[in-house]
Amino acid sequence: MAGHLGPASVAGAPATLVEMTDIDKSFPGVRALAKARFDLKPGEVHALMGENGAGKSTLMKILSGVYSRDAGTVLLNGEPVEITSPREAQALGVGIIHQELALMRDLTAAQNIFIGREPRRFGILDEGQLNRDAAAIFSSMNLKLEPTVKVETLTIAKQQMVEIAKALSYRSRVLIMDEPTAALNDAEIAELFVIINRLKADGVGVVYISHKMDEIKRISDRVTVMRDGEYVGTVPGADTPIETIISMMVGRTLSNEALVIPNTADAPIALEVKGLNRGREIRDVSFSVRKGEILGFAGLMGAGRTEVARTIFGADRRESGEIWVHGKRVGISSPKDAVEAGIGYLSEDRKHFGLATGLDVRNNIALASLDRFIGFGGVLDEAGMQREAVSYIGQLSIKTPSDTQEARLLSGGNQQKVVIAKWLLRDCDILIFDEPTRGIDVGAKSEIYKLLNALAAEGKAIIVISSELPEVLRLSHRIAVMCEGRLTGMLPGGASQEDIMRLATLRAPAMEVRHAG
Amino acid sequence: MTDTAAPAVQKSGPRISGAFHRLLAFSGLIALVVAFSLASPNFMQTQNILAILQATSVNGVLAIAATLVIITGGIDLSVGTLMTFCAVIAGVILTYLGLPMPLGIAGAILAGAASGLISGTIIAKLKVPPFIATLGMMLILKGLSLVISGTRPIYFNDTPGFNQIALGSLVGQIIPAVPVPNGVMILFAVALIASFVLSKTALGRYTFALGSNEEAVRLSGVNVDRWKIGVYALAGGIVGVAGVLIASRLNSAQPALGQGYELDAIAAVVIGGTSLSGGRGTVLGTLIGALIISVLANGLRILSVAQEWQTVVTGCIIILAVYADILRRRTL
Amino acid sequence: MTDTAAPAVQKSGPRISGAFHRLLAFSGLIALVVAFSLASPNFMQTQNILAILQATSVNGVLAIAATLVIITGGIDLSVGTLMTFCAVIAGVILTYLGLPMPLGIAGAILAGAASGLISGTIIAKLKVPPFIATLGMMLILKGLSLVISGTRPIYFNDTPGFNQIALGSLVGQIIPAVPVPNGVMILFAVALIASFVLSKTALGRYTFALGSNEEAVRLSGVNVDRWKIGVYALAGGIVGVAGVLIASRLNSAQPALGQGYELDAIAAVVIGGTSLSGGRGTVLGTLIGALIISVLANGLRILSVAQEWQTVVTGCIIILAVYADILRRRTL
Amino acid sequence: QDNYDIALISKGFQHQFWQAVKAGADKAGAEFGVTVTFEGPETETQVDRQMDMLAAALSRKPDAIGFAALDSQAASPLLQQAHDAGIPIIAFDSGVDSDIPLTTVTTDNVAAASLAADKMAELIGGEGKVAVVAHDQTSRTGIDRVDGFVNRIKEAYPKIEVVSVQYGGGDQLQSTEITKSILLANPDLKGIFGANEGSAIGVVNGKTELGSNVVVIGFDSGAAQKGFIESGAMAGAITQNPVGIGYETVKAAIGALKGETLPKIIDSGFNWYDKTNMADPAIAAVLYD
Ligand SMILES: Nc1ncnc2c1ncn2[C@@H]1O[C@H](COP(=O)(O)OP(=O)(O)OP(=O)(O)O)[C@@H](O)[C@H]1O
Ligand SMILES: Nc1ncnc2c1ncn2[C@@H]1O[C@H](COP(=O)(O)OP(=O)(O)OP(=O)(O)O)[C@@H](O)[C@H]1O
Ligand SMILES: [Mg+2]
Ligand SMILES: [Mg+2]
């Protein structure tokens, strides 16, 4: 089968693996691609860049048989091909890691990886072999994961690793990675890059989509930039300055002004958490955030940051601990209580916990604030909702044909912006943002940073959980570091990456780091 | 195939206006009506049309109630026996207690809402799946109807005018040429109200939101339980209206009737394009679905098709009607 | 995997062994049995236990078929009338055509599988929602059973031994003290096979995968349609077994029977802990669910509870049983 | 006097006819000081459910069983089991093709329906179109009444045509809709026979909703039918004697337990009733509300 790759196939490989030209694709109301172009050589990493909604995912879905194109040609090894289903794509040696995780939540990690290709003995599934094969892939990725764990119990990051493992297991000649690192932290990204380099050496062509600019420089051989569904240009990865790529993406140069971080040391405390406990995930976590302060949360995958946030927010039950808001103890047992106490929480998992995918953009933005729009007889003030939605669509430059577009039809990054808009509209005093810039393009990212900064300046207390250290460092007044459910340290905003990493891996059980504040 | 362009049949062709689109939703219904009109001269008679509408009224109202619940991603198996229960309550109030008619009507509707409130509470607070909660309620209500009525019909002979609720025709008094029975007007009124609630009110918005992603709604700080219970209670109240309608039509509360009606109601909802997984649906679609069911039953009877074949043909046409609707949406 | 280190271990608190956990799943059933045994000395008699098992056999087999379909995230409303259809086919083969018994049995099972194949194809290829496709099939099969049988029962008087399929007892011939009827053994055999298919074969894996995230399965390059059709066909074949069982038990194919049985089957599945949204479920749970339903019906009858109150109590206990199961899982 | 435990398994439960049978059985129970239980499946198609009820009744070890078989062949293994256990069986409503029941308390449904046909012919003047709305296509009573009516018309009244036989499951609403479509499809229809209580009421409802004046003949009684006959909406109806069936069944069971010999058949009879004879004490006694 063509999908299998060996040294021989590298030797006989043509100069280009993939060549896509003049690709058009429209959805109702949206022209997603207009004469888009892309090519891929064996043994290279070709980054595909563009703002949210530029058409990157759509282009790659066409290559992998998910969508059919309206016009244009696709050549594989110089041969014209019609890829009309994911299965055909696989048979032709094209594999893809989708931006939106596509896992079967009720199956185990191993079962997910080998779906459709289960090892069998006498027609019966060989579960032992399946788990051994999965374990082998995990260990080649240096990933600690039990093959028999159900995917739904995994965090987004680990789910992402399962997706990567699955894609690797196909041993494709063309591997498309659509934002594989959006949910990963630095250590895991480094691990992924080792794998990518190994694939390169084997002659695999890798398409790499990411909004993390530093990764592009580190890993890509060439960079193709798209804008509004059109091809902008292709430049070498290593020697093109980031600024050039960004200006190709956004059509202008972005000013990267430093954020002013005001002193909040004397501001009153907005949120105080005392002795929070929940199973093994949260052990005796105490901290506080002042009005006008941005508190960053750093830690490795599974450190328990999301758990802390969810527990404060009342989404999960806490075993013990107190939560104080503006100096008053509040009893939070559900998200409703939290929101009423003025706390908002943006989940890291927008698909399951953030977006009501069937509703339109307007209603998603209004979802947390609907009570504000209820008028006489329970009738909703549609005009008011529309006004707010349109204003946030502009403010966050959400790319959507209108505020009545179904949210699920937006590109990943734009969906994320919708969820952010929901919490901005709610206007909480205390905002917990879990991976707020996941999948968001550079331009919009700096807009969001500015926004968070402005919110802090208004006197809101903000917690930002992020797996991107530069983001934490750039935004935070102070940084809380977690490891294995414990708060291992509280650092000032100007701390170094090394300080954070040291605390993030501090596993000593008897750790009693005292933190002021 | 370099320049042979799009093999891919992805639609970006001419856009069809919203109004036309909405009209097309009726296509299955219209096709049926045309076919039956051609097949029998007796079909397209005012009286027969009124008979079809009248036959739709009870199932239509039940189906509207079911629509609300189904949009939240739930299901209500108890609509049929709850309807009977409400009719029995009306019977108890009017015949056994001899109270005035408005009280009987209000009692039936309140009983429906209260039962919906209980179902909703079991679902929202105890987290019992809707299928089980309403299956249990279906049995409980069925048994209670028999118990309360003493397993015998309660007649409304002492409440003159009670059967005018469904059978009289206010419209006919004004425009004698179209004596649309009140039952049908009540169906339309319920449909209008339900549509209004679904599209314009917070309850409606949460109905869709719950069906779309309940967890996301909860994490938006919404009191999910309260709204969910509200939807079930509203649906129960609407079922109460159906209870009054059927009691009025039969001039009696028949305690043994009702089971099996839930399937017709849910079928109307699904034929009308509402997804059982929740998050989308319309009252208009449900009305069309209920009409399709009645037109089919009426038309086949008018043609005197043997009953066993009626069943076969109904099965085929239900599948075809939904398939046609799927094709229509795909090509638009 | 080198380092077996802690993967996301979610649960805190004391872990309870798997075996104990599984035993607890029976708790609702056991509680019922204990309660009835205390309430009536006639309950815990061999003969009565056998009567309960016998009463479970047909619904149990139907529920197992329904389990497969429900795990894919679908639903099968046609199990009841398909069962009848299969029984009628057996009647035609054995009584009208006078062919030997094994052919009749094979014919019934094949008819079931063929019907499942058709439902599956309508669902997978035409994208008609399972509810509608199987509702249509339910009606079609109901009508066809009446047509084929000439609306009268077909007796198996010419096939001596046919009623031994369900009523005889091979076990009893070996161990006379426990004359477990063959019908019950067939239920267990079907349960074992279905369990095996679900846990050990590719078909089973895709059954869960489809219910978990069909789109993801499709994106993984699996021929989703083929497997889905396969699940429906297998379920249909199992329904065929139920058809043989009921025909044998009644020594006749009763063409009008069957509608309404789908609700009991689905109830058994859901009481057994299988989620209607798909992706999870067990055959063992379904068996327990089916047993809970039969034990309840039998026990209330043994206690001579008035029939209308039986219905009320059944409704309450179904809700409570499922609620207890939810509590148990929450506290584990 | 022993406190006997007698279990009646009927063909139905919720319909008024069966409730009247139950009332008769309860009356006998009270009169003779025995315990009577009464159960029946939801619909008259659920043969296997009736088997489960019979099996549970056997487990209860009653002194005697009254049984109205939905399908007597299907029931024979369980009847044999009861017989072997020495439990006397009394059949009621329709016969059981078996030697096991000591007696059968029954109405001759075919004869009753042909009486309805005769009355129909008389009322419509011996010619024209008629229709039947029945409850069930496969149950014994459904088949017997439809056959009894249709065959009698065919044999004796060549100028009358049965244009439509439809089934509404005994559900009043469904029977109403069916009647309306029959009337609309056959504007010249002269008469409709409603073959059980629910069907008959449905037929009258359908007729009144359309303002038709077709001749309606019903079956069984109940407050509604009695009212319709009084008001003239229904010309008349055939009544069985359900209260008597229940009463006689229990009485026969007690007789069997006491070792009395019983006749093979206890005919509970049927009567035509209309406005003119409803008040007769003999008729009024067999009507129920
Ligand atoms: N199924 C669809 N229906 C309608 N519009 C769609 C659909 N899929 C994508 N779009 C639209 O097509 C455009 C391109 O989307 P695409 O997902 O390719 O963007 P992207 O470059 O991957 O963005 P991001 O960086 O946010 O992931 C967007 O405007 C999006 O809203
Ligand atoms: N829904 C869940 N079910 C079971 N276990 C979970 C769930 N969510 C998180 N966990 C586990 O809880 C622990 C803490 O995870 P959490 O997501 O809070 O960490 P985090 O620091 O936010 O990490 P990440 O960077 O991956 O988001 C991990 O071991 C994780 O596997
Ligand atoms: Mg994308
Ligand atoms: Mg996290």
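A, B, ... follow the sequence lines: proteins, then strands. Residue 1 opens every chain.
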Residue R218(B) excluded, over 12 heavy atoms near CZ under 6.0 Å: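 Counting other residues, nucleotides and ligands, CZ of R218(B) exceeds 12 neighbours.
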Closest non-hydrogen atom pair between L135(C) and A267(B), with its separation: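 Shortest heavy-atom contact: CD2-CB, 3.4 Å.
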Between I75(B), I317(B), V322(B), L320(B), the one whose heavy-atom pairs under 4.5 Å with chain C are most numerous: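 Of the candidates given, the most pairs with chain C belong to V322(B).
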Partner chain C: residue of I122(B), L77(B), I132(B), L144(B) with the largest heavy-atom pair count (under 4.5 Å):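 Maximum pair count with chain C is reached by I132(B).
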Per-residue contacts, residues 293-314 of chain C versus chain B, heavy atoms under 4.5 Å: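 Result: E308(C), W309(C), T311(C), V312(C), T314(C).
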Contacts with chain B made by residues 269-277 of chain C (heavy-atom distance under 4.5 Å), listed by residue number: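 Those residues of residues 269-277 of chain C which have a heavy atom under 4.5 Å from chain B are V270(C), I271(C), L276(C).
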Residue, of L146(C), L141(C), V128(C), that accumulates the most heavy atom pairs under 4.5 Å with chain B: V128(C)
Interatomic spacing from CD1 in I140(B) to CD1 in I319(C) - rounded to 0.5 Å: 4.5 Å
L263(C) side, atom CG; F131(B) side, atom CZ - distance, nearest 0.5 Å: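 Atom-to-atom, L263(C):CG and F131(B):CZ are 5.0 Å apart.
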T151(B), part contacting chain C, at a heavy-atom distance under 4.5 Å: side chain
